[in-house]
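Working notes, beginning with the structure itself.
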Amino acid sequence: MKQTTRTADAHAVSTTRDPGLFAQAVTAAFVPLRVERPQHGAFWGRLRSGRAADLSVTEVVAQPHRVVREPEGVPNEVDGSYKLSLLLAGRAIIAQDGREAVLSPGDLTLYETNRPYLLETDEPFSMVVLMFPRRGLGLPRHRVDELTAVRMGGEAGVADLVRPFVARLPMHLADLDGPAGVRIAHSTVELVSTLVAERAGPSPDPRRELVERCKRWMEDRLSHPDLAPGSVAAAHFVSTRQLHALFHEQGETVSGWLRGRRLERCRADLLDPALSNQPVAAIASHWGFVDPTHFSRLFRATYGCPPRSLRTRPA
């Protein structure tokens, strides 16, 4: 028996006793996954999902099973997604990148969809899973990837803020589809980014750490019209040439990083129903794009559609 509905609040609910149908629902909610379960005993599973902007929130309640992200199912993409899971009940094992962690209720863990992973439960469980683009964290990939399949337990710190926040998100799936949805999504990913940055700790490479400090400084000033490589360099007591060299060592450019983050902020505002009365040009100008034609061309090249049409599409 299976029941898949989309409620009046537009979040999806899928309940089934058929393992095959459950596997289809899992793939639809996340990415292509192979679902395995013990051969004995009855099966039951339920998924409740909601989405706003680039964030999806899914509550999974099910009998024991295993999900496998297989190598042949992983696309060759530059930008993938991260998943942050909070185990609410039961016991789970997560494995990725040669690491394995045993999760108990209250534990958080991070893993990436563009690489193989395994998530296994051996008793009935309940879990909340967030999925969002890798670029959303705004952190160097090498630092984040050191934290995949790592148990984030009850230690003091940002996790104490993240844990109750994530646990309550399934109770607010309707809000994700409402006027506040885009802002909730943005705040959620920002909070996860803060958690990951805390767990990653300072970079052991002082040159890389300087680049990260420059990025954080720019992130706080994205709307300043005079923000440019020269002002960034001056604020960090290096020459503009040195600044460009530091970013080049990390495979980036100062202007390219700044442009990408400003485009992300524009996209978030264009998806925000609360800002639907704001002209596209005004939003672009607020984030430093003074030429509307140039902004429209950049936006289309980055996201595959003109900025104005984004408002007519489902988030």
Side-chain angles (χ1 to χ4, degrees), residues 53-55 78-82 84 108 110 112 130 132-148 150 152 155-162 165-166 182-269 272 283-289 298 302:
D54 290 328
L55 173 72
V78 175
D79 194 17
S81 296
Y82 284 117
L84 181 84
L108 295 152
L110 186 78
E112 207 240 327
L130 311 184
F132 48 88
R134 190 165 58 207
R135 66 178 183 273
L137 291 184
L139 297 168
R141 181 177 177 180
H142 75 280
R143 293 185 64 199
V144 181
D145 287 351
E146 292 174 355
L147 294 177
T148 56
V150 171
M152 302 182 198
E155 303 87 351
V158 179
D160 286 341
L161 297 174
V162 175
F165 181 85
V166 173
V182 173
R183 293 171 184 258
I184 293 172
H186 181 73
S187 297
T188 301
V189 176
E190 286 291 324
L191 186 57
V192 174
S193 177
T194 303
L195 168 66
V196 174
E198 179 196 58
R199 292 302 175 116
S203 171
D205 181 347
R207 295 174 68 82
R208 193 186 295 271
E209 175 59 25
L210 178 55
V211 170
E212 293 184 29
R213 287 205 308 273
C214 290
K215 287 180 178 179
R216 291 193 294 270
W217 190 87
M218 287 190 286
E219 190 76 41
D220 292 338
R221 296 164 176 80
L222 288 177
S223 63
H224 292 197
D226 58 348
L227 182 60
S231 60
V232 179
H236 292 85
F237 307 101
V238 297
S239 69
T240 303
R241 182 176 180 178
Q242 287 174 308
L243 181 69
H244 286 307
L246 288 167
F247 271 72
H248 181 72
E249 290 174 6
Q250 312 304 324
E252 299 178 292
T253 65
V254 182
S255 298
W257 185 90
L258 179 59
R259 181 171 58 248
R261 294 303 295 160
R262 281 174 160 169
L263 284 170
E264 280 290 303
R265 292 298 185 93
C266 289
R267 182 175 182 271
D269 283 357
D272 190 343
I283 289 175
S285 177
H286 175 75
W287 293 112
F289 296 102
L298 283 175
T302 303

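Nothing fancy with the numbering, it's 1 onward along the sequence. In this text the structure is predicted, and so the values were computed from the model without any measurement.
- Across all their heavy atoms, C214 and F247 have their closest contact at CB-CE1, 4.2 Å.
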side-chain contact (heavy atoms from CB on, under 4.5 Å) between R259 and T302, worked out:
CA-CA 11 Å; R259 181 171 58 248; T302 303; over 6 Å; no
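- Pairing each heavy atom of A185 with each of A53, the nearest pair is CB-CB, 4.4 Å.
- For the pair R213 and W217, the minimum side-chain heavy-atom distance is 4.5 Å or more.
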Which atom pairs, donor and acceptor, lie under 3.5 Å between side-chain atoms of residues 224-239 and protein residues at least two apart or in another chain?
from, atom 1, to, atom 2, distance (Å)
S231, OG, A228, N, 3.1
S231, OG, A228, O, 2.8
H236, ND1, V232, O, 2.9
S239, OG, Q242, N, 3.0
S239, OG, Q242, OE1, 3.3

K215 and E252: CA distance, side-chain angles, deciding distance, salt bridge (charged side-chain N to carboxylate O under 4.0 Å, His left out) verdict:
CA-CA 11 Å; K215 287 180 178 179; E252 299 178 292; 2.6 Å; yes
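- Annotation: side chain of V192 is not in contact with side chain of Y82 (no heavy-atom distance under 4.5 Å).
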Checking side-chain contact (heavy atoms from CB on, under 4.5 Å) for the pair M218/V254: CA distance, chi angles, key distance, verdict?
CA-CA 10 Å; M218 287 190 286; V254 182; 4.2 Å; yes
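- Distance CD/E112 to OG/S81: 8.0 Å, rounded to 0.5 Å.
- Note that CG of L55 and CZ of F132 are 8.0 Å apart. Values are rounded to the nearest 0.5 Å.
- Smallest separation of non-hydrogen atoms from A159 and R199: CB-NH2, 3.6 Å.
- For the pair L191 and L161, the tightest heavy-atom approach, listed with the atom from each and the gap, is CD2-O, 4.4 Å.
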Between L263 and F289, is a side-chain contact (heavy atoms from CB on, under 4.5 Å) present by the stated rule, with each step listed?
CA-CA 9 Å; L263 284 170; F289 296 102; 3.9 Å; yes
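- Proximity of H248 to T253: side-chain heavy atoms (C-beta onward) are nowhere separated by under 4.5 Å.
- Atom CD of E249 sits about 10.0 Å away from atom CG of L210, to the nearest 0.5 Å.
- The two residues D145 and T148 come nearest to each other via the heavy atoms O-OG1, 3.1 Å.
- V162 is listed as a side-chain neighbour of L108, based on a closest heavy-atom distance under 4.5 Å.
- By the side chain to side chain contact (heavy atoms under 4.5 Å, CB included) test, E219 is found to be paired with L222, W257, R261, R265, residues two or more places apart in sequence or in another chain being considered.
- Here the CZ atom belonging to F165 is positioned 8.5 Å from the CG atom belonging to L130, to the nearest 0.5 angstrom.
- For the side chain to side chain donor-acceptor pair (under 3.5 Å) condition, no pair includes a residue of residues 184-197, sequence neighbours left out.
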